[in-house]
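Every value quoted in this text rests on a predicted model; they were computed, and no experiment measured them.
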There are 2 protein chains.
Amino acid sequence: MPERGHRNIPGSLKQPLADFKVGVDNAIFSVDTERNRLLILLVKRQDEPFLGQRSLPGTLVRQGESLEDAAYRILAEKIRVENLYLEQLYTFGGPGRDPREDATSYGVRYLSVSYFALVRFAEAELIYQTTGDVAWYPIEDIPKLAFDHERILQYGYQRLRNKLEYSPIAFEVLPEVFTLNDLYQLYTTVLGENFSDYSNFRSRLLKLGFLCDTGIKVSRGAGRPASLYRFDSKAFAPLKDKPLVFI
Amino acid sequence: MPERGHRNIPGSLKQPLADFKVGVDNAIFSVDTERNRLLILLVKRQDEPFLGQRSLPGTLVRQGESLEDAAYRILAEKIRVENLYLEQLYTFGGPGRDPREDATSYGVRYLSVSYFALVRFAEAELIYQTTGDVAWYPIEDIPKLAFDHERILQYGYQRLRNKLEYSPIAFEVLPEVFTLNDLYQLYTTVLGENFSDYSNFRSRLLKLGFLCDTGIKVSRGAGRPASLYRFDSKAFAPLKDKPLVFI
DNA sequence: GACATTTTGGTAAAAATTACTATAATTAAG
DNA sequence: CTTAATTATAGTAATTTTTACCAAAATGTC
């Protein structure tokens with residue numbers, strides 16, 4: 001507990017510094033384009049505290065490991081995936097956010113650096129230890145989560161909605177090729193029905209010029225077959241810091 | 001690489017966890033409306049490492065103290081201010097970012113949670129221990145900084161530019177009452193000359209209805225006197241999640 | 001008093017958004 | 001096989017917003 005007798009750390013004599021373990025928790029989102037559902041990856045905890053309860057996949061940071069490395073490691077333990085979008089979300093570090101703080105008498109604090117990730121549903125292969133270990137949950141149907149992970153999840157959901165408006169993250173969750181309707185459905189399921197009319201959404205995005213028509217047509221049930229498009233990141237580059245490209 | 005044989009802390013047997021000290025570093029911005037300069041608060045370090053070099057004001061988190069509390073504490077040590085805008089910026093935590101990690105044989109890591117702050121230049125009173133201890137630096141003229149603080153500063157500067165476009169943070173750095181020209185100058189100094197024509201900027205913002213004319217006129221040198229305006233946060237509330245209000 | 005300077009209010013042209021219509025290409029039903 | 005229903009795509013006219021200016025008002029300066 002007591003922390004003293006050194007030169008370097010200011011304020012250390014009267015006010016002891018906290019010692020931390022640092023965890024990384026991932027809010028991993030995906031979209032099932034077939035069923036039009038926004039999904040979040042949850043695991044069932046194998047350890048105390050909160051044994052058996054659902055949580056975001058997380059891990060504690062190891063010696064010599066960067067935060068991002070830890071985020072990639074825990075993700076790779078739960079899911080096999082080709083492409084992956086990952087960015088830091090927020091850091092939660094108040095005292096008392098982890099029951100292990102009370103359990104040990106050392107007064108170690110547990111801080112969580114959360115990451116926001118997007119994967120393609122069809123590409124992502126879940127890695128089970130036991131069945132039901134890892135699973136996708138639709139965003140409207142999330143069970144009670146361990147720790148403060150509900151808050152992290154909400155934070156990630158908000159980030160997703162914000163970024164859809166000005167950044168091309170939609171193409172990180174959509175399949176490599178997709179119809180314009182797939183794209184539109186993604187936006188409506190995440191952002192709500194009333195953000196734009198389908199026809200206008202189409203022409204706006206096509207005019208921007210970063211969607212290439214592959215020429216391939218797909219027929220899904222009744223109606224005229226739709227063209228499959230591909231996102232051209234080179235053509236998007238000049239729009240990178242333009243605000244509100246997608247809305 | 002193989003991962004096995006333990007119950008509580010995953011990976012702890014073969015792969016020891018890192019122990020952390022957590023620091024908080026503040027990127028505190030202000031604007032001198034008289035001289036039209038964007039300013040950042042720097043301190044001269046009183047301790048090793050980097051003794052005597054400039055850095056962002058920072059501190060290590062104490063026992064029982066939240067991250068935000070630590071951010072407020074270090075800010076209050078350097079500056080006396082009425083109003084303050086503060087939000088979390090980013091967390092830097094890679095191994096090797098702090099020389100103290102090598103100095104101790106314990107392998108303690110130093111993680112930095114950075115905060116982004118805005119204060120009003122005229123309200124903010126610097127607190128000196130020795131002269132030149134704490135000082136405002138114009139953003140175009142930043143000396144070499146300790147640690148990875150240049151990166152944190154750049155990150156904060158980017159956040160400032162982004163938020164100016166869709167959030168009313170301008171009114172956190174401007175004085176309580178200000179002319180429309182003050183507001184315009186702030187935007188041009190931060191965002192560059194060519195973001196909008198003055199006349200159009202004026203009419204757009206006035207039409208939005210959250211700037212109230214106080215009726216008071218000020219004359220600054222030649223030219224017709226300008227009205228002093230005040231930001232009405234209640235009138236702004238409905239625009240809170242509308243994108244791109246200010247550009 | 002003439003003139004430069006700055007604020008303020010405005011307007012016409014251009015551009016973008018919106019609401020809507022029409023047509024094409026397919027499946028499903030009878 | 002014909003017709004209807006369905007979905008994709010193209011386009012258009014009305015509306016709104018943005019843009020590039022212009023002119024008048026109110027001050028300081030020479």
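Rounded to an integer number of Å, the gap from CG of B/N200 to P of C/dA15 is 15 Å. Rounded to a whole Å, the CG atom of B/L205 is 16 Å from the C1' atom of C/dG9. If you take CZ of A/F201 and C1' of D/dA8, they are 15 Å apart, rounded to a whole angstrom. Protein atom CG of A/L206 is 11 Å distant from nucleotide atom C1' of D/dA8, rounded to whole Å. Computed from coordinates, the A/I247 CD1 to C/dT17 C1' distance equals 14 Å when rounded to whole Å. Atom NZ in B/K242 sits roughly 13 Å away from atom P in D/dT17 (whole-Å rounding). The distance from atom CZ of A/F195 to atom C1' of C/dT17 is 14 Å, rounded to the nearest whole Å.
Residue-environment remark: CD (A/E140) exceeds the threshold of 12 foreign heavy atoms within 6.0 Å.
Residues A/G58 and A/I74 come closest through the heavy atom pair O-CD1, 3.3 Å. Of all the heavy atoms in B/E165 and A/P243, the pair that sits closest is OE1-CB, 4.1 Å.
Residue B/L86 holds its CG atom at 9.5 Å from CZ of B/F116, rounded to the nearest 0.5 Å.
Side-chain contact of A/N83 with A/E176: a donor-acceptor pair under 3.5 Å is absent, judged by distance alone.
With contacts defined as side-chain heavy-atom distances shorter than 4.5 Å, the pair A/R54/A/K44 qualifies.
Out of C/dT17, D/dA10, C/dG10, the shortest distance to the side chain of A/R204 is found at C/dT17. Taking only side-chain atoms of A/R202, from C-beta outward, the nucleotide of C/dA19, C/dT7, D/dA8 with the closest atom is D/dA8.
Summary of the strand contacts: B/D197 and A/D197 both lie near DNA chain C, and taking for each the nucleotide with the nearest heavy atom, the more 5' one is attributed to B/D197. Mapped onto DNA chain C by nearest heavy atom, B/Y198 and A/K207 fall at different nucleotides, with B/Y198 at the one closer to the 5' end.
By the 6.0 Å and 45° rule, A/R161 stacks over the aromatic ring of A/Y157. The side-chain tip of A/R204 does not point at the ring of A/F201 from less than 6.0 angstrom away and within 45° of straight on.
For a distance-only test at 3.5 Å, the side chain of B/S199 qualifies as a donor-acceptor partner of the base of C/dG9.
Of the residues in residues 174-189 of chain A, those with a non-hydrogen atom less than 4.0 angstrom from any atom of DNA chain D are A/N181. For DNA chain D, the neighbouring residues in residues 214-228 of chain B, judged by any heavy atom under 4.0 Å, are B/S219, B/G221, B/A222, B/G223, B/R224, B/P225.
Counting only residues at least two apart or on different chains, the side chain to side chain donor-acceptor pair (under 3.5 Å) pairs with a member in residues 205-225 of chain A are A/D182-A/R220, A/D213-A/S227, A/K217-A/S227.
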